[in-house]
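Chain identifiers are assigned alphabetically (A, B, ...) following the order of the sequence lines, protein sequences preceding nucleic acid strands; residue numbering begins at 1 within each chain. For clarity, every value in this text was computed on a predicted model and none was experimentally measured. Just so you know, these numbers use all the heavy atoms, side chains as well, and skip hydrogens, waters and symmetry mates.
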Amino acid sequence: MSSAQITDPYDITASSNNLGRRRRIQKLVSFVAILSAALAVALLALVLGTVLFKGLSQIDTAFFTKPAALFGEKGGIADALIGSALIVGMAMIMAVPIAILVAIYIAEYAGPKAASFFRVMLDVLNGVPAIIVGIFIYGLLVVGKGQSAIYGAMALAILMIPMVARATQEILELVPRHLREASLALGVPRWRTVYSIVLPTAIGGILTGVVIAVARVAGETAPLLFTSSITQNQISFDIHNALPTLPVRIFTLSESPSPDDQAAAWAAALVLIAFVLVMNIVAKVIANRKRRSLEGG
Amino acid sequence: MSMTTPRIDSGKLGELAATPDGRGAETVFAVSDLTVSYSGNVALKGVDLAIQKNFVTAFIGPSGCGKSTFIRCFNRMNDLVPGARVDGEVLYHGRDLYGANVDPVEVRRRIGMVFQKPNPFPKSIYDNIAFGPRILGMKQDIDERVERTLKHAALWDEVKDRLKENALGLSGGQQQRLCIARALAVEPDVILMDEPASALDPISTSRIEDLIHELKNEYTIVIVTHNMQQAARVADKTAFFSVELREDGSGRHGILVEYDQTTKVFTNPTDKRTEDYVTGRFG
């Protein structure tokens, strides 16, 4: 018995057939996938890092409390923050009720054909470039009447409606059917079932959708260039006139030849990006907390 | 059963004489030639049957025999399914349940339902019970009503100290009794139960069955069950449904095979198909 000749047919440490090749392909595929994932994160880190690096040194308390600079002095973004808050706030007030009602119609009342039609329409509206929405409001209202924060809010509301409506509709459809049946079986009318059972159950998801939409439109520049860009750069709460906003301010500052303005543009960009990040974190927290309460914690 | 007690109706709907304690003396539902279809596909065909007051009536049969479809005709839950169509007649105390001037919302208040999977609202135990009465305008003494219905559903002692806690924290069996209490809170006449214990453990199941025995003196109960022993334990009358293949080969639908006193259905069935099913040779 020469032991060297005897091969164990059940030796699972030996390689057979094309095991080596299979291993190499497996390694290659997972390497490329990991690399791509790392690249996506790296891009985000690069953008954040650049903005942080160029903007952070400019930020101090005065940056938040002073309006834009007039002649040469170091300015702030207080006026733009107020304008952005007013315009985004008005857009939210206009868009959210409509969007939620649209979502309720699609999820609770529409037949399958109508529901799919309205879903597609919302997706199309969601895909309309922001600049088109800006031109639409410009042609419809701004021409003849002049710019106003209200028109800016309208343009942003048009962008918000499909986002909030689709997010809400998807969440409403996740509310288990048995909860609706439980309510309807008690002799509770349909609208009351939606109001008292379906909406409270879905509220976390709806808020998440609203917060994400707010974060999105807060950074929209194109529609505001048409509707609320010719401004005094003073602190103002007059919504009937154009108000300065953060994204438009970033745009104008970055176009300026002055190095101070360009530095201020980076700082304003940092504020905007921080706001968007915080809003996204808030959305996550709301979603998680609500999920836990639904699971009976 | 005394033979001198008059039958309510000697017709084909299968009424039995009332029990000595007076249960079964009235007909709650009289169903004639009921056919249900979903988007043109017949699910249940040609059912004639009467549900008697204060009886527990069980529907048994193999999967796909239409027993759940049938029970959902009594509170018009099938109205909520797009494409569902109900033909034939369902009389509720002599009134057409599907009449043009009947609002299904009112039907469902009078004819409560308990579902297969316990489905409490993601609210407190108290709010689960108070929800229906509040919306239906029964606003006086909500506290007392909550206590009364929870006692009625044999749940009060287990939850009285935690009424404000989320109902989803209860065990499955407690959740199902909460759902029964929730149905009782709006003062229904009939309680429909669609496999109420199929998702529960044996101890919770037996508590639900005890509860059914308690409730039948005040309510008319219709229960769908896939568990034949359960039907034998709780029901006065049992209807056996089966699946029939259509002659033209276009599919299958449920039919009512036999409807009689529960003991008769289980010990001396008239129909060969019932016998095969209850003896375990089929299904």
Side-chain angles (χ1 to χ4, degrees), chain A residues 103-119 168-208 286-297, chain B residues 39 71-72 74-83 103-125 127-138 165-171 175 178-179 182-188 191-194 199:
Chain A
I104 288 174
Y105 168 71
I106 295 175
E108 306 290 328
Y109 290 97
K113 276 182 190 159
S116 103
F117 172 78
F118 281 101
R119 273 198 300 269
T168 303
Q169 166 253 326
E170 274 169 24
I171 287 295
L172 292 183
E173 279 165 14
L174 286 180
V175 174
R177 201 171 63 117
H178 62 72
L179 284 183
R180 291 185 182 81
E181 288 192 331
S183 172
L184 294 168
L186 288 172
V188 173
R190 176 75 77 94
W191 72 268
R192 195 63 209 254
T193 298
V194 170
Y195 178 75
S196 296
I197 300 295
V198 179
L199 285 181
T201 307
I203 191 70
I206 297 173
L207 285 178
T208 306
I286 295 172
N288 285 342
R289 181 173 299 173
K290 201 59 203 178
R291 189 173 318 126
R292 245 177 301 155
S293 83
L294 249 182
E295 283 161 0
Chain B
S39 309
I71 201 173
R72 287 169 161 258
F74 293 113
N75 65 344
R76 296 190 54 171
M77 283 306 262
N78 282 326
D79 293 20
L80 304 170
V81 181
D103 186 343
V105 170
E106 180 57 26
V107 167
R108 295 184 195 123
R109 205 281 291 161
R110 292 167 188 269
I111 303 163
M113 190 165 207
V114 176
F115 297 82
Q116 180 169 3
K117 195 173 158 250
N119 56 357
F121 301 128
K123 296 173 183 285
S124 72
I125 294 166
D127 286 340
N128 262 272
I129 307 292
F131 177 69
R134 269 186 199 138
I135 286 173
L136 299 172
M138 306 166 170
E165 285 176 31
N166 194 320
L168 295 175
L170 296 173
S171 74
Q175 288 188 9
L178 181 71
C179 292
R182 182 175 66 187
L184 298 179
V186 296
E187 300 175 11
I191 301 166
L192 308 173
M193 299 186 172
D194 188 358

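For A:Gln169, the side chain to side chain donor-acceptor pair (under 3.5 Å) partners are A:Arg166, A:Glu173, not counting sequence neighbours.
A:Arg190 touches chain B through its side chain: at least one heavy atom from C-beta onward sits under 4.5 Å away, while N, CA, C and O do not. For B:Ile111, the part sitting under 4.5 Å from any heavy atom of chain A is the backbone (N, CA, C, O) and nothing else. Contacts between B:Arg110 and chain A at a heavy-atom distance below 4.5 Å are absent for every atom of the residue.
Counting non-hydrogen atoms of other residues, nucleotides and ligands closer than 6.0 Å to NZ of B:Lys117 gives a total of 12 or fewer. Other residues, nucleotides and ligands place no more than 12 heavy atoms under 6.0 Å from the OH atom of A:Tyr195.
Using a 4.5 Å heavy-atom cutoff, the side chains of B:Phe115 and A:His178 are not in contact. Using a 4.5 Å cut-off on side-chain heavy atoms (C-beta onward), A:Ser196 and B:Phe121 make no contact.
Counting all heavy atoms, side chain and backbone alike, B:Pro120 lies closest to A:Leu179 at O-CD2, 3.3 Å. Considering every non-hydrogen atom in both A:Gly187 and B:Leu136, the closest pair reads O-CD2, 3.3 Å. Contact between B:Leu80 and A:Leu184 at its shortest, heavy atoms only, is CD1-CD1, 3.5 Å.
With values rounded to the nearest 0.5 angstrom, B:Ile135 atom CD1 is found 7.0 Å from A:Ile197 atom CD1. Remark: B:Arg134 CZ to A:Arg192 CZ distance equals 10.0 Å, nearest 0.5 Å.
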